[in-house]
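One structure is given here, and the rest of the page talks about it.
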Amino acid sequence: MEITVQNTEINDVKIIIPDQFKDPRGFFMEIFRKDIFKKHNLPNNFVQMNHSGSVKGVLRGLHFQWDPPMGKLMRVTNGEAYLVAVDIRKNSPTLGNYVGEIVSSENMKQVWASAGFARGFCVLSEYAEIQYLVTGIYNNKAESGIKWNDPKIGICWPIVNPLVSEKD
């Protein structure tokens with residue numbers, strides 16, 4: 001199987017669309033395959049997989065971790081969500097800029113953002129499940145976040161009055 005890799009306006013954030021085999025029974029696709037990711041100069045050493053479920057209007061993020069640095073390959077397996085990656089790399093020409101993409105279980109897109117990005121999402125459907133492969137093991141002593149509505153970043157979230165946790 002193959003993948004399509006779409007560049008975004010920020011280097012190190014990519015939209016990945018896996019090929020699908022469909023027939024009357026349903027579909028099959030490879031979410032991650034080390035040799036194919038390597039061929040496209042994408043990460044191929046994931047160490048942890050996470051899965052979350054949220055109701056409509058929930059906004060999670062913007063989260064990041066610096067030790068170990070953590071890249072994320074995110075996808076929506078049920079429903080629809082707006083996935084965001086904000087460049088927080090010091091001395092980056094796109095520092096403070098973001099990429100936002102509507103990802104769903106229908107379009108099966110994935111969003112890759114390397115270490116050095118804060119990530120978040122908001123749920124657009126009644127319910128959504130987001131899965132992500134990460135390149136670093138979670139370390140709660142080396143994580144932080146940026147407020148979801150930071151005016152310097154100016155993310156145009158496609159929801160009004162999001163449900164956020166105290167952490168967010």
Nearest 0.5 angstrom please: Ile146 CD1 to Ile88 CD1, how far? 5.0 Å
Test log, rule side chain to side chain donor-acceptor pair (under 3.5 Å), inputs Ser105 and Asn78: CA-CA 5 Å; Ser105 53; Asn78 182 8; 4.9 Å; no
Please examine the side chains of Leu73 and Ile16, heavy atoms only from C-beta on, and report whether any two atoms are closer than 4.5 Å. yes
For the atom pair CZ (Arg75) and CD1 (Ile17), what is the distance rounded to the nearest 0.5 Å? 14.0 Å
Under a 4.5 Å side-chain heavy-atom rule over Ile, Leu, Val, Met, Phe, Trp and Tyr, are Val13 and Trp148 clustered together? no
Evaluate whether atom CG of Asn91 has more than 12 neighbouring non-hydrogen atoms of other residues, nucleotides or ligands under 6.0 angstrom away. no
Check whether any side-chain N or O of Glu126 sits under 3.5 Å from a backbone N or O of Val55 as a donor-acceptor pair, and report yes or no. no
Hey, are Arg89 and Asp12 close enough for a salt bridge, meaning a charged N less than 4.0 Å from a carboxylate O? yes
Looking only at the side chains, is there a donor atom on one of Tyr127 and Glu129 sitting less than 3.5 Å from an acceptor on the other? yes
Within the structure provided, determine whether Asn97 and Glu9 are in side-chain contact (heavy-atom separation under 4.5 Å). no
Scan Tyr132, Trp112, Phe46 and name whichever one has a ring-ring contact (aromatic ring centres under 6.0 Å, His included) with Phe32. Phe46
Common cluster, Ile36/Phe21, ILVMFWY with side-chain heavy-atom separation under 4.5 Å: no
What is the distance from atom OG of Ser104 to atom OH of Tyr82, rounded to the nearest 0.5 Å? 14.5 Å
Give, for atom OG1 of Thr94 and atom CD1 of Ile10, the distance between the pair rounded to the nearest 0.5 Å. 4.5 Å
Between Lys152 and Asp150, is there a salt bridge with N-O shorter than 4.0 Å? no
Starting from the C-alpha separation in whole Å, work towards a yes-or-no answer on side-chain contact (heavy atoms from CB on, under 4.5 Å) for Arg60 and Ser54. CA-CA 9 Å; Arg60 296 183 189 265; Ser54 302; 2.8 Å; yes
Heavy-atom pair with the smallest gap, counting every atom of Ile130 and Met74: CG2-CE, 4.0 Å
How close do Lys38 and Asn44 get, heavy atom to heavy atom, and via which atoms? CB-ND2, 3.3 Å
Phe37 to Pro43 - nearest heavy-atom pair and separation: CD2-O, 3.2 Å
Are Leu59 and Leu62 linked, directly or through intermediate hydrophobic residues, by side-chain heavy-atom contacts shorter than 4.5 Å (ILVMFWY only)? yes
Would you name the heavy atoms of Ile159 and Val123 that are closest together and state the gap between them? CG2-O, 4.2 Å
Determine whether more than 12 heavy atoms belonging to other residues, nucleotides or ligands lie under 6.0 Å from atom CG of Asn161. no
Within the 6.0 Å centroid threshold, strictly below: Phe117 and Phe64: no
Walk me through whether Glu80 and Glu106 qualify under side-chain contact (heavy atoms from CB on, under 4.5 Å). CA-CA 8 Å; Glu80 183 177 67; Glu106 293 296 315; over 6 Å; no
Considering all heavy atoms, the nearest Glu143-Tyr138 contact: OE2-OH, 2.7 Å
Ile155-Val58 co-clustered via ILVMFWY side chain contacts under 4.5 Å: no
Non-hydrogen side-chain atoms of Asn11 and Lys14 separated by less than 4.5 Å: yes
Spacing of SG belonging to Cys122 relative to NZ belonging to Lys56, to within rounding of 0.5 Å: 11.0 Å
Closest heavy-atom pair, Gly96 versus Ile153, reported as atoms and distance to 0.1 Å, is O-CG2, 3.8 Å
Measuring from atom NZ of Lys72 to atom CD of Gln65, what distance do you get when rounded to the nearest 0.5 angstrom? 8.5 Å
Does Phe121 form a side-chain contact (heavy atoms from CB on, under 4.5 Å) with Ser52? I'd like the steps, not just the answer. CA-CA 11 Å; Phe121 65 84; Ser52 73; 3.7 Å; yes
Lys/Arg-Asp/Glu bridge criterion (N-O < 4.0 Å) met for Lys39, Glu2: yes
Residue pair Thr135 / Val47, side-chain heavy-atom distance below 4.5 Å: no
Please report the C-alpha distance between Leu133 and Gln48 in whole Å, then the side-chain angles of each, then the deciding distance to 0.1 Å, and finally whether the side-chain contact (heavy atoms from CB on, under 4.5 Å) criterion is met. CA-CA 6 Å; Leu133 288 167; Gln48 183 175 318; over 6 Å; no
In the single-linkage hydrophobic clustering (I, L, V, M, F, W, Y; side-chain heavy atoms under 4.5 Å), do Leu83 and Leu42 co-cluster? no
